[in-house]
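For reference, the structure is listed below as structure tokens.
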Amino acid sequence: MAAELTAHQLIAQHRPTLDLALETIRTRAYWSPHPEHPKAYGENGSLDMAAGKAAFDALSGTRLDLGQPGTDGWVGGEVSPYGIELGVEYPHADLDVLLPAMKAGQKAWRDAGAELRAMVCLEILRRIADRTMEFAQAVMHTSGQAFMMAFQAGGPHAQDRGMEAVAYAYVEQSRTPDTAEWTKPQGKRDPLALTKRFTPVPRGIGLVIGCNTFPTWNGYPGLFASLATGNAVLVKPHPRAVLPLALTVQVAREVLTGAGFDPNLVALAAERPGEGIAKALATRPEIRIVDYTGSTAFGDWLEANARQAQVYTEKAGVNTVIVESTDDYKGMLGNLAFSLSLYSGQMCTTPQNLLIPRDGVRTDQGDKSYDEVTADLARAVDGLLGDDARANALLGAIVNPDVKARLEAAAGLGEVALASREVTNPDFPDAVVRTPVIVKLDGAKPEDEAAYTSECFGPVSFAVAVDSADHAVELLRRSVREKGAMTVGAYTTDPEVEEAVQEACLDEAAQLSLNLTGGVYVNQTAAFSDFHGSGGNPAANAALCDGAFVANRFRVVEVRRQA
């Protein structure tokens, strides 16, 4: 069948976008081709908010037939954290049939070259972008994010991360020329002459193991990094968050077919309840790359056992903020309150430990004691979330019962500075919505150490009293080294303290944000500019996104000929 999208058409349409992405990862400036305001959608073929909601609603009661080989049944059963049944069924695959079918198309995909692969990937992202409002609903009702966050993080920001991975993949593959004429002088004899061809070759099939909280944002980097470097990609979603990644696979297969490639280069592996196929998949010989976001325990297992594959993990850590001094006390409190509240703390970047000197903090409003800082932060969170409509818009819903259990147990770990309260969502009365809890602990007491040195994923933060700034930096170092951290924050007006915190983060490879008091928060990162994770501490063995994230997904094979 003739391709609907020729290479010339794809390059003409998407090469300018790729060039902008390449320039942006070089300069690290702000740029995004994906609007992050809902009003920008509804033109040029994209769905507006109403059409996106209608498209999402129309999926209920349907089977998402992807046309995959080896389908031996249908699975479903997703229930939204907002209390509604999604009612979508997905193909269940016989892997002994599906995996060989995925390998069959890799030769043509490899031979297409880095540029054309990048163009196809950008076309996939463009079509996903046209359906952003539909994807927003899918992300909202699988992750529990409030709509605006599901729209932004699950839509344009996820698409940015996917495009960023494509750009890095192109850079790494184009680092070596396609051909070279090699001539070595031999003095009076004729020179030695060879013609050399260099081909990026894929490792094999990449496996993307999706997460429940950010299925697209965390799934797209690995998916597009592997696909752009010539690999087929099998997507295994989290059982509670299948729909966003299933729609992604659907779009990818349509674009691959339209461009004249085998659609089985991208496939879905949905699982039956309790089947737990991730371990079996990750250790199959056909799987040569694994991308994983989730718990530390399973991430460690993958790193130890998926020995035939290149494994990229984003696990968990204990994120820390040092509060030593500030020249904008009100701005600091507001910034921290938002950071602790956003998506009910269900982000791998949300601060958990706030290290505050027990002797107090210097501020533009005078010296504040540890108790005052903790109480003022509690009031700031309470004020931010005092209106239930605003609280629902920021908090979203608790994604699973484990988070709710940790939240309820946290109150027994120490003195409660801010109690969690239940919030009713009038649109979704079955949603579990809770405000954050802040618990006071003492950094000098061994009995408190077990609490603040362990990750407590969810809307739980510890205000930890420390002896000094030096004590805070020492705790920070030890925490990052032993438990890892996706983010570190610090508030200080003291150059020596700033230098000490910076050196600790450089030594332990943790991403640092200093003195954020405005509209940028420690738990947010921007594609093309900010690195998410570092790959240098136990929280993650990779960074989104750098050259190391893509370079080992392919190898360069050389063919030499006598000239």
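Any value given below was found using the heavy atoms of this structure, including those in side chains, with hydrogens, waters and symmetry copies removed.
For E85, the CD atom counts as loosely surrounded, since its 6.0 Å shell holds 12 or fewer non-hydrogen atoms of other residues, nucleotides or ligands. Crowding of R15 atom CZ: a count of heavy atoms from other residues, nucleotides or ligands under 6.0 Å exceeding 12. Atom NZ of K103 sits in a sparse spot, with 12 or fewer heavy atoms from other residues, nucleotides or ligands closer than 6.0 Å.
Within the 6.0 Å centre-distance limit, the rings of F298 and Y292 are counted as a close aromatic pair. Ring centers of Y312 and F549: under 6.0 Å apart, within the cut-off. Between F214 and Y220, the ring center distance fails the sub-6.0 Å criterion. Taking the centre of each ring, H141 and F428 come in below the 6.0 Å mark.
Scanning all heavy atoms of the two residues, the minimum distance from M119 to L18 falls at CE-CD2, 3.4 Å. The two atoms that bring E115 and Y170 nearest to each other are CA-CE1, 3.8 Å, heavy atoms only. Shortest non-hydrogen contact noted between R117 and R110 is NH1-O, 2.9 Å.
One N or O on the side chain of Q346 and one on the backbone of V399 form a donor-acceptor pair closer than 3.5 Å. Without hydrogens or angle criteria, Q511 side chain to G533 main chain gives a donor-acceptor distance under 3.5 Å. The backbone N or O of V403 sits less than 3.5 Å from a side-chain atom of N400, completing a donor-acceptor pair. Counting only distance, with no hydrogens or angles, the side chain of S529 and the backbone of A526 share no donor-acceptor pair below 3.5 Å. Not a single donor-acceptor pair under 3.5 Å links the side chain of E314 to the backbone N or O of A539.
Taking the ring centre of F224 as origin, the terminal cationic atom of R161 falls outside the region bounded by 6.0 Å and 45° from the ring axis. Relative to the six-membered ring of F531, R28 meets both conditions, a distance below 6.0 Å and an angle of at most 45° to the axis.
Put simply, the side chain of L64 reaches to within 4.5 Å of the side chain of Q250, judged on heavy atoms.
When only modelled atom types and interatomic distance are considered, E303 and T313 share a side-chain donor-acceptor pair under 3.5 Å.
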- prompt: Does the side chain to side chain donor-acceptor pair (under 3.5 Å) test come out yes or no for S32 and D160, once each step is laid out?
  reply: CA-CA 7 Å; S32 172; D160 284 351; 2.9 Å; yes
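Here the OG1-CG distance, from T257 to D262, works out to 7.5 Å after rounding to the nearest 0.5 Å.
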